[in-house]
Protein chains: 2
Amino acid sequence: MPTESKHHHPRELPDPVICTVDVVLLTLVENALQVVLARRAQEPFRGLAALPGGYIHPATDRDARDAAERVLREKTGLQSPYLEQLGVFSGPGRDPRGWSVSVAWYALVPWEALESRWTDHLEVTSTSQVRGLPFDHERIVHEALDRVRSKSSYSSLPVHLCRESFTLPQLQAVYEATLGETINKVSFRRKMEELGFVEPIPGATTGGAHRPAQLYRLRDEFRRNLSLTDRGINSGG
Amino acid sequence: MPTESKHHHPRELPDPVICTVDVVLLTLVENALQVVLARRAQEPFRGLAALPGGYIHPATDRDARDAAERVLREKTGLQSPYLEQLGVFSGPGRDPRGWSVSVAWYALVPWEALESRWTDHLEVTSTSQVRGLPFDHERIVHEALDRVRSKSSYSSLPVHLCRESFTLPQLQAVYEATLGETINKVSFRRKMEELGFVEPIPGATTGGAHRPAQLYRLRDEFRRNLSLTDRGINSGG
DNA sequence: CGAATAGTGTCTGTAAGACAGTATCTG
DNA sequence: CAGATACTGTCTTACAGACACTATTCG
């Protein structure tokens, strides 16, 4: 990858670049998408709520994904949520410490996974009103939301916001929350059948008032890989 | 983004990370997708054909995209091809110099844009037989191909492999090349009408034998932004 | 039985693919 | 006019959305 044309001398390395990871951790509270923020323990922006992030540690991280998983673990205790790379945000101005590269990731977890390990340096904000974030974190959040919305329209992505077991009406509500629009019930169920990433849990149904609903679970093959369709789950992608 | 918990002392920075960009430059020769490789002028892997790449230069690059554009300019003379971020490839093993982060990009250009500035340190390889690339460049190429194929099925992406003016049958052939499958002619023309990213050039048609074809051009609004459809241009996404 | 939620049957409109037709050039 | 390529009209099929119907619980 290097290209400089100094001949015969040991070549100069360019100035070092600050290498970090940032994670947009999304969850659903009462069918509204929320971002999880962590109060910063260090400068810069100490005390401010920001995306969970940190330096890449070449000594211990196996790659950038590993760094993102470590950061998530350190700040939220989450072990292995659904995690996907969003992209790189870079430049001299985004971090006051200097020219930086941040590998941004987004993660989806059911609220219940967070609730148990909650600590007071964490907070949740509705995605519709994230404001005042340091660095370029607001831009990162918005790009993550765009990505999640777009992927939700043709994949099993939103299922990772659901608990271990869920009903189809619940899953539909989750899709509607991430897509920001209502979905036709019949079409939705047809699509879920076609995509085949959920399976009914034999004999398990919801209790409570009204007709009980069949409980479903994510099929194992789709824990790490999404199920995709080209024709779209809703009308407008 | 940093998280270490040293109190009151200036915190230790982690070891530096090698920061580079790599570009998967794609073009079409006789309706077959080709990758453009550059022979490496420097160690490691001096003399081997590899993806055009190089260090990020914090002193002069405004961001990673700027670095990728510079690298492309330096190695191929290309000024501003269609260029999109693919993602980050990282880890201790991919570069013999040490723990590295490469921001990978893919670019699409018409063959004619390259032909003129060709130099002997460049070579083209059919995407179906890229082999023996250093680093993890083979993986990067394959991910770029997946991405291009997938985006081609619902966007105007492939048009960037066409020259300034082109006919609809030519454009269809380009789509078929990137998708690797034939497309129904009527459906294709309906889709192009619907997507609306091309416009007929008034009065311009092809010469030569047979019925002349209407020449089209990319509409200005879609030079930097793709035109998207949710329903797919071909059958299988 | 009524309210409420879960789940299905079926009709209709829309959009994609197949196929065959018409159009326009060269030699 | 034959051959070749560009373009279009139209039929058929598949799928998405609308809507109404049935099913099953609780009180």
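A note on names: the letters A, B, ... follow the listed sequences, proteins ahead of strands, and every chain is numbered from 1.
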Colleague: Considering only residues two or more places apart or on different chains, which pairs with a residue in residues 198-216 of chain A satisfy side chain to side chain donor-acceptor pair (under 3.5 Å)?
Modeller: A:Glu199-A:Arg217
Colleague: Between B:Ser102 and B:Asp22, do the side chains contain a donor N or O and an acceptor N or O under 3.5 Å apart?
Modeller: yes
Colleague: What residue pairs, at least two apart or across chains, pass ring-ring contact (aromatic ring centres under 6.0 Å, His included) with a residue in residues 170-206 of chain A?
Modeller: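 As it turns out, the ring-ring contact (aromatic ring centres under 6.0 Å, His included) pairs with a partner in residues 170-206 of chain A, which skip direct neighbours, are A:Tyr175-A:Phe188.
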Colleague: Heavy-atom contacts under 4.0 Å between residues 204-219 of chain B and DNA chain C, which residues?
Modeller: B:Gly208, B:Ala209, B:His210, B:Arg211, B:Pro212
Colleague: Do B:Ser153 and B:Leu179 have side chains that get closer than 4.5 Å, going by heavy atoms?
Modeller: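 With C-beta onward as the side chain, the pair touches.
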Colleague: Does anything in residues 158-178 of chain A reach DNA chain C, meaning a heavy atom under 4.0 Å, and if so which residues?
Modeller: A:Pro169
Colleague: Output a table of nitrogen or oxygen pairs between the protein and nucleotides 9-12 of chain D separated by less than 3.5 Å.
Modeller:
none

Colleague: Atom CG of B:Leu195 to atom C1' of C:dA15: distance rounded to whole Å?
Modeller: 14 Å
Colleague: Quick check on C:dA16: is either OP1 or OP2 less than 4.0 Å from any side-chain nitrogen or oxygen of B:Asn184?
Modeller: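 So the side-chain polar atoms of B:Asn184 never come under 4.0 Å of the phosphate oxygens OP1 or OP2 of C:dA16.
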Colleague: C:dT14 P sits how many Å from B:Arg231 CZ, rounded?
Modeller: 12 Å
Colleague: Roughly, in whole Å, what's the span from CZ in B:Arg189 to P in C:dG21?
Modeller: 19 Å
Colleague: Check each of A:Leu228, A:Leu226, A:Ile233 against A:Leu195 using the side chain to side chain contact (heavy atoms under 4.5 Å, CB included) test, and report the only one that passes.
Modeller: A:Ile233
Colleague: Tell me, do A:Val103 and A:Thr20 make a side-chain contact under 4.5 Å, heavy atoms counted?
Modeller: no
Colleague: Got a list of side-chain donor-acceptor pairs under 3.5 Å for residues 79-87 of chain B, not counting sequence neighbours?
Modeller:
| from | atom 1 | to | atom 2 | distance (Å) |
| --- | --- | --- | --- | --- |
| B:Tyr82 | OH | B:Glu84 | OE1 | 2.3 |
| B:Glu84 | OE2 | B:Tyr106 | OH | 3.3 |
| B:Glu84 | OE2 | B:Lys151 | NZ | 2.6 |
| B:Gln85 | OE1 | A:Val88 | N | 2.6 |
| B:Gln85 | NE2 | A:Val88 | O | 3.3 |

Colleague: May I have the distance from B:Glu194 (atom CD) to C:dA15 (atom P), rounded to whole angstrom?
Modeller: 8 Å
Colleague: Assess the residue pair A:Arg149 and A:Asp146 against the criterion (salt bridge (charged side-chain N to carboxylate O under 4.0 Å, His left out)); give the C-alpha distance rounded to whole Å, side-chain angles, the decisive distance to 0.1 Å, and a yes or no.
Modeller: CA-CA 5 Å; A:Arg149 250 190 293 276; A:Asp146 284 350; 3.7 Å; yes
Colleague: Any donor-acceptor pair, under 3.5 Å, between the side chain of A:Lys185 and the base of C:dG7, if you only look at N and O atoms?
Modeller: yes
